[in-house]
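Sequential numbering from 1 along the given sequence is applied to the chain's residues.
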Amino acid sequence: MTISAYKGFDKALQCRGYQFEVGKTYTHEGEVRACASGFHVCTDPLDIFSYYPPGTSRYARVLVSGATATHGDDSKLAVACLRVEEEISLHSLVSDAVAKILEGASKESAATSTGDCSAATSTGYRSAATNTGHKSAAEVSGTSAVAASLGLQGRARASAGSAIVLCYRNEAGALIHIRASKVGDNSIKPDTWYSLNENGDFVEER
């Protein structure tokens with residue numbers, strides 16, 4: 001079985017000193033163990049940032065197959081066979097993350113907004129509210145929902161059983177940090193507004 005995933009690299013397109021090239025296939029011989037052996041990828045684009053942060057990294061869409069081992073804490077996988085399909089920009093990686101969020105949401109309960117100082121609000125099970133405008137807000141109520149605010153000075157809030165996604169951008173609009181959390185993790189409270197600061201930390205809005 002072949003799985004589509006994402007991989008991060010340093011500026012030289014290396015991972016832990018191993019050199020990769022776009023269009024080539026790589027095979028690991030021996031045992032595959034998460035965080036120990038094999039090639040490592042993430043199936044969720046947002047999880048890539050935990051290992052390869054924006055500003056110092058390059059990213060690619062990959063196809064993986066063969067033996068796999070799960071990480072447990074996120075979507076990270078160790079795999080035996082990996083093909084680097086194409087290098088993608090940070091913007092494309094974030095766009096894929098948004099698309100994945102909306103894919104998991106019910107069509108009846110997805111709200112998207114792109115204007116500056118705008119708001120996207122959605123309610124219901126597996127709903128999604130996504131906002132890309134500057135100084136904008138996204139909020140969801142209901143379980144298994146996601147509120148994503150991806151513009152400059154954005155904020156988001158979600159109810160218990162749901163999650164938020166936030167970006168920190170510099171004054172030029174360049175993406176510096178992106179972070180996601182379930183409500184209840186990382187001290188995130190339900191029905192509370194959060195933004196992201198210059199260090200990539202969640203900040204409760206008063």
Side-chain angles (χ1 to χ4, degrees), residues 1-105 126 128 143-144 146 148 150 158 161-168 175-188 196 199-202:
M1 181 177 68
T2 301
I3 301 172
S4 297
Y6 299 85
K7 183 161 183 61
F9 312 88
D10 64 17
K11 288 291 188 180
L13 211 67
Q14 294 181 351
C15 177
R16 294 183 176 272
Y18 194 102
Q19 184 67 58
F20 291 86
E21 291 184 41
V22 175
K24 289 196 174 183
T25 300
Y26 302 88
T27 302
H28 172 75
E29 300 294 340
E31 183 182 11
V32 171
R33 293 175 53 206
C35 302
S37 59
F39 303 111
H40 291 82
V41 302
C42 290
T43 57
D44 187 331
L46 291 176
D47 289 336
I48 286 287
F49 298 121
S50 297
Y51 308 99
Y52 282 92
T56 59
S57 306
R58 295 165 67 180
Y59 306 100
R61 294 189 184 100
V62 299
L63 292 178
V64 301
S65 58
T68 62
T70 59
H71 180 247
D73 293 335
D74 56 22
S75 69
K76 184 179 179 181
L77 293 176
V79 301
C81 186
L82 176 150
R83 176 176 173 79
V84 183
E85 287 288 286
E86 60 175 333
E87 184 173 0
I88 58 174
S89 66
L90 182 60
H91 176 78
S92 293
L93 189 66
V94 172
S95 295
D96 282 6
V98 172
K100 193 174 183 67
I101 290 169
L102 293 176
E103 184 180 288
R126 292 182 65 192
T143 58
S144 300
V146 177
L150 306 176
S162 294
I164 60 174
V165 182
L166 284 163
C167 290
Y168 177 82
L175 181 63
I176 307 301
H177 301 291
I178 183 168
R179 193 173 179 194
S181 180
K182 294 179 181 178
V183 173
D185 294 345
N186 303 299
S187 300
I188 299 299
L196 212 61
N199 297 317
D201 300 318
F202 290 114

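- Applying the salt bridge (charged side-chain N to carboxylate O under 4.0 Å, His left out) test to residues at least two apart or on different chains, the pairs with a partner in residues 47-69 are Arg58-Glu87, Arg61-Glu86, Arg61-Asp96.
- Atom CG of residue Asn186 and atom CD1 of residue Ile164 lie 9.0 Å apart, to the nearest 0.5 angstrom.
- For Ala163 against Lys182, the heavy-atom pair with the smallest separation is CB-CA, 3.9 Å.
- Scanning all heavy atoms of the two residues, the minimum distance from Glu85 to Val22 falls at O-CG1, 3.7 Å.
- Going from atom CG of Leu93 over to atom CZ of Phe49 covers 4.5 Å, rounded to the nearest 0.5 Å.
- Rounded to the nearest 0.5 Å, atoms SG (Cys15) and OH (Tyr51) are 11.5 Å apart.
- Taking 4.5 Å as the limit, every side-chain heavy atom of Tyr59 sits out of range of all side-chain heavy atoms of Tyr6.
- A distance of 8.5 Å separates CD1 of Ile48 from CZ of Phe9, quoted to the nearest 0.5 Å.
- Between Leu63 and Ser4 there is a side-chain heavy-atom pair separated by less than 4.5 Å.
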Hey, mind stepping through Val84 and Lys24 against side chain to side chain contact (heavy atoms under 4.5 Å, CB included) and telling me if it holds?
-> CA-CA 6 Å; Val84 183; Lys24 289 196 174 183; over 6 Å; no
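- Taking both residues in full, the closest heavy atoms of Ser75 and Asp44 are given as OG-N, 2.9 Å, listed atom of the first, atom of the second, then distance.
- Nearest approach of Ala69 to Val32, heavy atoms of both residues: CB-O, 3.7 Å.
- Rounding to the nearest 0.5 Å places NZ of Lys11 at 7.5 Å from OG of Ser57.
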Under the ring pair (Phe, Tyr, Trp, His ring centres under 6.0 Å) criterion, do Tyr26 and Phe20 qualify, and how do the steps go?
-> CA-CA 8 Å; Tyr26 302 88; Phe20 291 86; 5.0 Å; yes
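- For the pair Lys7 and Val41, the minimum side-chain heavy-atom distance is below 4.5 Å.
- Taking each heavy atom of Ser37 and Glu31 in turn, the nearest pair found is OG-O, 2.8 Å.
- Taking CG of Leu82 as the start and NE2 of His40 as the end, the distance is 11.5 Å to the nearest 0.5 Å.
- In terms of heavy atoms, Cys35 sits closest to Lys76 at SG-NZ, 3.5 Å.
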Report the C-alpha separation of Phe202 and Ile188 in whole Å, then their side-chain angles, then the decisive distance to 0.1 Å, and conclude whether the side chain to side chain contact (heavy atoms under 4.5 Å, CB included) test is met.
-> CA-CA 8 Å; Phe202 290 114; Ile188 299 299; 3.7 Å; yes
